[in-house]
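Values below: every heavy atom of this structure, side chains too, minus hydrogens, waters and symmetry copies. Residue numbers begin at 1 in each chain, while the letters A, B, ... track the order of the sequences.
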2 protein chains.
Amino acid sequence: MTDSPKGDLLPGTLEMLILATLRREPLHGYAIAQRIQRNSDDLLRVEEGSLYPALQRMLIEGWVSAEWGMSARNRRVRIYTLTAAGAKQLGRETARVGRMIDGIARVMRPSEA
Amino acid sequence: MTDSPKGDLLPGTLEMLILATLRREPLHGYAIAQRIQRNSDDLLRVEEGSLYPALQRMLIEGWVSAEWGMSARNRRVRIYTLTAAGAKQLGRETARVGRMIDGIARVMRPSEA
DNA sequence: ATCTATGCATAGACAACCTTGGCATTCGTA
DNA sequence: TACGAATGCCAAGGTTGTCTATGCATAGAT
């Protein structure tokens with residue numbers, strides 16, 4: 001992957017991004033990372049060493065389920081599906097992060113401070 | 001302080017918020033935390049155990065300078081001032097966080113995913 | 001044959017935040 | 001005059017979450 005545009009994430013937003021990415025359709029891990037990178041227009045990038053541990057945590061929490069399958073490229077893949085609990089969690093996290101970003105915006109605007 | 005509305009921050013944004021808060025005028029630590037909480041309409045809250053270590057780091061980096069003084073309530077306080085390097089850093093951080101929030105928004109919007 | 005992309009996953013390092021606790025002073029109030 | 005609440009600074013330790021580095025394996029292209 002040579003180099004890449006470089007762009008980590010804001011800690012505390014990864015699981016929300018994964019859940020949001022799984023809203024439309026189940027995806028395997030590798031594809032999730034690519035979607036996030038592509039959908040963010042290369043602004044965000046998810047490292048595999050962050051992605052898979054996050055998926056493990058979310059499996060344990062019951063926010064996603066997983067099953068083995070085959071990718072379009074004929075490779076063995078683990079496909080993750082958003083659960084009802086995961087959808088609920090997505091709502092909570094979206095609200096939480098939204099509040100924080102709202103708060104950040106208020107502190108940052110020049111009229112304040 | 002009884003209870004409080006509860007609301008931590010998005011990790012990776014604290015120093016930016018402090019720098020932004022010092023744009024207008026020098027402030028002492030305790031006042032910085034209160035400003036952020038008040039200016040964010042109680043959406044954000046800075047714990048003292050996060051604030052002071054952050055100020056130490058920023059002193060070392062040269063983004064703020066500090067001197068002892070007296071508060072309006074006649075108390076011994078350490079007053080922090082934004083340096084030129086700090087202003088530059090504020091610009092960089094603002095851009096970085098802005099990009100990430102932009103990226104998050106793109107991933108989260110229903111048309112994507 | 002070898003390289004690149006695809007794909008899953010773990011271990012360890014590291015940064016940054018929070019919790020807890022400690023210390024000291026001022027001011028209001030009972 | 002004693003006491004609590006608010007103001008103020010700071011350190012130690014734990015937790016969490018990310019990244020880096022590494023390992024393994026296979027498909028497809030050159």
Side-chain angles (χ1 to χ4, degrees), chain A residues 1-4 6-18 26-38 44-61 64 66-80 93 96-97 100 104, chain B residues 1-4 6-18 26-38 44-61 63-64 66-80 93 96-97 100 103-104:
Chain A
M1 212 163 260
T2 57
D3 199 15
S4 92
K6 206 58 184 171
D8 302 346
L9 347 123
L10 281 186
T13 64
L14 174 56
E15 297 184 359
M16 179 188 76
L17 293 171
I18 293 173
L27 291 170
H28 62 273
Y30 199 80
I32 293 171
Q34 290 181 322
R35 285 282 180 108
I36 291 176
Q37 184 167 347
R38 198 174 59 78
L44 305 182
R45 192 180 167 202
V46 181
E47 303 299 331
E48 298 186 15
S50 311
L51 174 69
Y52 292 109
L55 286 169
Q56 300 296 335
R57 290 196 301 270
M58 294 163 74
L59 272 173
I60 292 170
E61 298 289 340
V64 297
E67 58 181 84
W68 288 97
M70 284 292 162
S71 79
R73 287 175 185 77
N74 200 33
R75 303 179 66 86
R76 202 159 147 278
V77 290
R78 203 163 184 203
I79 295 170
Y80 295 89
E93 275 297 283
R96 184 186 71 90
V97 172
M100 296 214 173
I104 290 171
Chain B
M1 211 161 258
T2 55
D3 198 16
S4 90
K6 204 59 184 173
D8 304 346
L9 350 120
L10 280 188
T13 64
L14 174 56
E15 296 183 2
M16 178 187 77
L17 293 171
I18 294 172
L27 291 170
H28 62 273
Y30 198 80
I32 292 171
Q34 290 181 324
R35 285 282 180 109
I36 291 176
Q37 184 166 349
R38 198 174 59 77
L44 305 182
R45 193 179 165 207
V46 180
E47 305 298 331
E48 297 186 14
S50 310
L51 174 69
Y52 291 108
L55 286 170
Q56 300 297 334
R57 290 196 300 271
M58 294 163 73
L59 271 174
I60 292 170
E61 298 290 339
W63 298 335
V64 297
E67 57 181 83
W68 289 98
M70 284 294 163
S71 80
R73 285 175 186 78
N74 201 32
R75 303 180 66 87
R76 204 160 144 278
V77 291
R78 201 160 185 207
I79 295 169
Y80 294 89
E93 276 296 282
R96 184 186 72 90
V97 172
M100 297 214 170
I104 290 171

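The CD1 atom of A:Ile32 sits 11 Å away from the P atom of C:dA9 (whole-angstrom rounding). Atom P of nucleotide C:dC18 and atom CG of B:Leu10 are separated by 11 Å, given to the nearest angstrom. For A:Leu55 and C:dC8, the CG to P distance is 9 Å, given to the nearest whole Å. As rounded to whole Å, 12 Å separates atom C1' of C:dC23 from atom CZ of B:Arg76. In this structure, B:Tyr30 atom OH and C:dT25 atom P are separated by 17 Å, rounded to whole Å. Taking atom OH on A:Tyr52 and atom P on D:dC19, their separation rounds to 14 Å, with Å as the unit. One atom, CD1 of A:Ile79, and another, P of C:dT6, lie 17 Å apart when rounded to the nearest Å. If you measure from atom CZ of B:Arg45 to atom P of C:dC18, you get 10 Å, rounded to the nearest angstrom.
For B:Glu47 against C:dC17, a side-chain-to-base donor-acceptor contact under 3.5 Å is absent. One can find a donor-acceptor pair under 3.5 Å joining the base of D:dC9 and the side-chain atoms of B:Glu48.
Within the 4.5 Å cutoff, no side-chain heavy atoms of B:Val46 are placed close to those of B:Ile32. Contact of the A:Arg96 side chain with the A:Glu93 side chain is registered, since non-hydrogen atoms from C-beta on lie closer than 4.5 Å.
Pairing each heavy atom of A:Ala54 with each of A:Ile18, the nearest pair is CB-CD1, 4.0 Å.
Candidate nucleotides D:dT7, C:dG7, D:dC19 were compared by shortest atom distance to the side chain of B:Arg73, and D:dT7 ranks first. Of the candidate nucleotides D:dG17, C:dC8, C:dC18, C:dC8 has the atom nearest to the side chain of A:Trp68.
Residue B:Met70 holds its CE atom at 9.5 Å from CD1 of B:Ile79, rounded to the nearest 0.5 Å. The structure places CZ of B:Arg38 at 12.0 Å from CD1 of B:Ile36, a figure rounded to the nearest 0.5 Å.
Regarding contacts with the backbone of C:dC23, every side-chain N or O of B:Arg75 stays at 4.0 angstrom or more from both OP1 and OP2. Between A:Ser71 and C:dG7 there is a side-chain polar atom (N or O) within less than 4.0 angstrom of OP1 or OP2. Look at A:Arg78 and you'll find a side-chain N or O under 4.0 angstrom from OP1 or OP2 of C:dA9. Of the side-chain N and O atoms in A:Arg57, one or more sit less than 4.0 angstrom from OP1 or OP2 of D:dT18.
B:Gly29 comes within contact range of the sugar-phosphate backbone alone, with a heavy-atom separation under 4.0 Å but no base atom that close.
Summary of the strand contacts: B:Ala31 and A:Gly49 both lie near DNA chain D, and taking for each the nucleotide with the nearest heavy atom, the more 5' one is attributed to B:Ala31. Of the two residues near DNA chain C, A:Asn74 and B:Leu51, the one whose nearest nucleotide lies more 5' is A:Asn74.
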